Amino acid sequence: MPTAKPTRHKEIERKFDVTESTVSPSFDGLNAVARVELSPAESLDAVYYDTAGHDLAAHKITLRRRTGGSDEGWHLKLPAGADARTEVRVPLEAGTDTAPADLLDVVLAIVRDRPLAPVARISTTRHIQLLYGADGVALAEFCDDQVTAWATDGDEQAWREWELELLSPDADPALLGRLGNRLLDAGAAPAASGSKLARVLGSAPAPAPTPEDPVHRAVAEQVAELVEWDRAVRADVWDSVHQMRVTTRKLRSLLKESEESFGLTDDSWVLDELKALAAILGVARDAEVLAERYEKSLADLPAELVRGPVHERLVDGAQKRYAVGHRRSLAAMRTTRYFRLLDALEELATSEPVTTEGAEHKPVTVDSAYKRVRKAARAADAATEDRDEALHRIRKSAKRLRYTASALGAAKVAGAAKEIQTLLGDHQDSHVSRAHLLQEAEAAHAAGEDTFTYGLLYQREYEFAEAARLQVEDALAALQKAVRKL
């Protein structure tokens with residue numbers, strides 16, 4: 001029998017601390033609540049899993065195997081904003097206490113190849129009240145929980161708590177606050193811990209101290225971003241591959257800009273690995289960009305100008321290449337090689353700036369990064385061949401300047417550099433698109449298809465690239481002005 005695929009549910013809930021003598025709240029008089037229904041008591045038993053270093057708990061994530069109740073199974077809970085979590089569920093399989101691979105994959109960037117083991121067991125006797133609206137739809141659930149818990153290395157704990165969860169996706173979010181006020185009126189207090197597991201384990205692992213050096217601080221922020229985008233890529237969220245690639249390249253730029261401070265050199269392994277990861281992600285990213293680009297371009301054309309199976313070749317073909325690229329990205333993100341890169345990045349993010357006795361390290365400045373842009377711009381002006389590549393070098397230099405300026409708090413310089421990066425990014429995407437259009441036009445011609453539309457799209461791409469290129473000179477002048485004002 002095939003293994004059931006995970007399902008995702010959004011939880012919007014609040015937890016409250018109460019004493020044994022606290023009287024259950026009343027929901028009478030609330031306009032939104034037409035009736036309250038008592039459900040039979042449930043006995044729930046859950047074993048929670050984590051690494052030896054409690055890496056999941058440090059990210060406010062819980063993984064449990066629960067028996068009992070209407071939703072028994074494996075549950076992975078992820079932060080999703082204030083009062084909200086995303087719960088990923090997989091049904092139980094008889095006789096197994098090993099976390100399902102589909103759930104582990106969601107948090108693989110956190111767990112990596114570190115083994116998971118039980119860290120706590122929590123048993124709950126739950127009394128439930130369902131709150132219904134006038135249309136008969138269940139709006140919310142109030143739970144009165146008697147909890148008994150054991151950490152694997154601790155004594156038994158017991159307490160009582162309340163939970164209040166919105167059930168209807170159409171429920172007014174403000175309803176949670178109005179219902180919560182009834183709980184507070186009854187003597188409850190907002191929970192001191194975000195989850196039952198957090199209460200059992202006590203204090204979560206202390207977060208790494210925020211680096212004082214601005215570039216080190218920016219690297220730490222981007223490492224955290226990389227882990228977040230990793231999860232989105234695994235869920236195939238739109239634009240996530242692009243954003244993970246941007247984060248990867250941003251990290252590499254920041255590290256290269258301040259190599260000595262991180263104890264790196266131009267040929268350091270971590271820089272090579274970041275470049276390789278960006279290249280792998282780039283296959284899916286480029287295909288995604290082309291699919292969207294051609295979808296829009298073809299939709300903008302009158303129907304009589306779209307001749308032959310152009311949509312199938314350009315849009316459907318790019319979407320298929322995206323699927324292949326996405327699978328290859330995921331394969332790379334499940335390797336020991338990738339885990340060791342994440343380990344190395346975390347170590348760099350939390351390290352102190354390297355100082356060598358007797359050596360004088362020049363601090364990273366906006367001006368030093370700007371000089372690369374100016375040099376690349378002069379080279380592009382002098383270029384007589386391969387001008388597209390010369391413009392691409394301006395873009396890469398502007399990108400490094402943008403990230404450095406942002407880390408150093410030079411917001412106007414970062415904004416001006418971003419404008420150049422965007423213009424030349426559009427120019428580069430158009431260059432890639434034109435090369436692809438030529439390739440597909442040749443294939444279409446060989447198949448005896450009408451190639452008129454390919455030529456039309458090629459001309460549009462050329463005009464788009466020229467429009468972007470013509471704005472670069474003014475953008476470079478604006479950047480120079482922003483740098484001089486520092």
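These numbers were taken from a predicted model, which means no experiment stands behind them.
- Between the side chains of Ser433 and Ser430, not a single donor N or O lies within less than 3.5 Å of an accepting N or O.
- The nearest pair of heavy atoms linking Ala398 to Ile420 is CB-CG2, 3.8 Å.
- Remark: Arg217 pairs with no residue by the side chain to side chain donor-acceptor pair (under 3.5 Å) rule, at least two apart or across chains.
- Proximity of Trp150 to Ser123: side-chain heavy atoms (C-beta onward) are separated by under 4.5 Å at one or more points.
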Check: Does the side-chain contact (heavy atoms from CB on, under 4.5 Å) test come out yes or no for Leu226 and Leu342, once each step is laid out?
Finding: CA-CA 9 Å; Leu226 184 65; Leu342 294 176; 3.8 Å; yes

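- Using a cut-off of 4.0 Å between Lys/Arg side-chain N and Asp/Glu carboxylate O, Asp426 and Arg395 are scored as not salt-bridged.
- Closest heavy-atom contact between Ala407 and Val215: CB-CA, 4.3 Å.
- Going from atom CG of Leu76 over to atom OH of Tyr49 covers 14.0 Å, rounded to the nearest 0.5 Å.
- Side-chain contact between Gln428 and Lys396 is absent, with no heavy atoms from C-beta onward closer than 4.5 Å.
- With His311 as the partner, the side chain to side chain contact (heavy atoms under 4.5 Å, CB included) test is satisfied by one option alone out of Leu298, Thr453, Val306: Leu298.
- Nearest approach of Asp71 to His75, heavy atoms of both residues: O-NE2, 2.6 Å.
- A heavy-atom distance below 4.5 Å is found between the side chains of Tyr403 and Gln421.
- Annotation: side chain of Tyr132 is in contact with side chain of Leu130 (closest heavy-atom distance under 4.5 Å).
- Considering Val107, Leu103, Leu63 as possible partners of Val88, the one that fulfils the side chain to side chain contact (heavy atoms under 4.5 Å, CB included) test is Leu103.
- The environment of Arg337 atom CZ is sparse: at most 12 non-hydrogen atoms of other residues, nucleotides or ligands sit within 6.0 angstrom.
- Ile280 approaches Ala332 most closely through the heavy-atom pair CD1-CB, 3.9 Å.
- By the 4.5 Å heavy-atom criterion applied to side chains, Thr62 and Leu56 are not counted as neighbours.
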Checklist line | Full working for side-chain contact (heavy atoms from CB on, under 4.5 Å) between Thr247 and Glu228 | finding: CA-CA 10 Å; Thr247 304; Glu228 289 294 318; over 6 Å; no

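- Note on ring orientation: taking the six-membered ring where Trp is involved, the planes of Phe262 and His216 are parallel (angle under 30°, cut-offs 30° and 60°).
- Side chains of Lys196 and Thr124 form a contact here, defined as non-hydrogen atoms less than 4.5 Å apart.
- Residue Glu352 places its CD atom among 12 or fewer non-hydrogen atoms of other residues, nucleotides or ligands, all under 6.0 Å distant.
- Closest approach of Val33 and Phe27 over heavy atoms only: CB-O, 4.4 Å.
- Contact check on Lys320 versus Asp316 returns no salt bridge, with no Lys/Arg side-chain nitrogen under 4.0 Å from an Asp/Glu carboxylate oxygen.
- Separation of atoms CZ (Arg66) and CG (Leu92) is listed at 11.0 Å; rounding is to 0.5 Å.
- In this structure, Val246 and His242 have side chains that are in contact, with non-hydrogen atoms separated by less than 4.5 Å.
- Under 4.0 Å is where a charged nitrogen must lie from a carboxylate oxygen, and between Lys15 and Glu163 at least one such pair does.
- The ring pair (Phe, Tyr, Trp, His ring centres under 6.0 Å) check on Tyr322 picks up His326, with sequence neighbours excluded.
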Checklist line | Audit row: Arg293, Asp286, salt bridge (charged side-chain N to carboxylate O under 4.0 Å, His left out) steps and yes/no | finding: CA-CA 10 Å; Arg293 197 178 194 94; Asp286 290 346; over 6 Å; no

Notebook entry, point to check: For Arg231 and Ile110, what are the C-alpha separation, side-chain angles and deciding distance, and is it a side-chain contact (heavy atoms from CB on, under 4.5 Å)?
Noted result: CA-CA 10 Å; Arg231 191 184 306 156; Ile110 297 170; 3.7 Å; yes

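- Closest approach of Arg64 and Ala46 over heavy atoms only: CD-CB, 4.2 Å.
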Checklist line | Trace of the salt bridge (charged side-chain N to carboxylate O under 4.0 Å, His left out) decision for Glu11 with Arg85 | finding: CA-CA 5 Å; Glu11 290 184 339; Arg85 290 188 294 180; 3.7 Å; yes

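- Contact of the Thr148 side chain with the Gln146 side chain is not registered, since no non-hydrogen atoms from C-beta on lie closer than 4.5 Å.
- Taking a cutoff of 4.0 Å between a charged side-chain nitrogen and a carboxylate oxygen, Arg340 and Asp113 qualify as a salt bridge.
- For the residue pair His431 and Glu461, no side-chain donor N or O sits within less than 3.5 Å of a side-chain acceptor on the partner.
- The pair Asp105-Arg334 counts as a salt bridge, with a side-chain nitrogen and a carboxylate oxygen less than 4.0 angstrom apart.
- Taking the charged nitrogens against the carboxylate oxygens, Glu346 and Arg112 do have a contact shorter than 4.0 Å, which makes a salt bridge.
- Atom-to-atom distance recorded for Leu277:CG and Asp272:CG is 12.5 Å, nearest 0.5 angstrom.
- The CH2 atom of Trp162 sits 16.0 Å away from the CD atom of Glu13 when rounded to the nearest 0.5 Å.
- Between the side chains of Trp159 and Gln157, no donor-acceptor pair is found at a separation under 3.5 Å.
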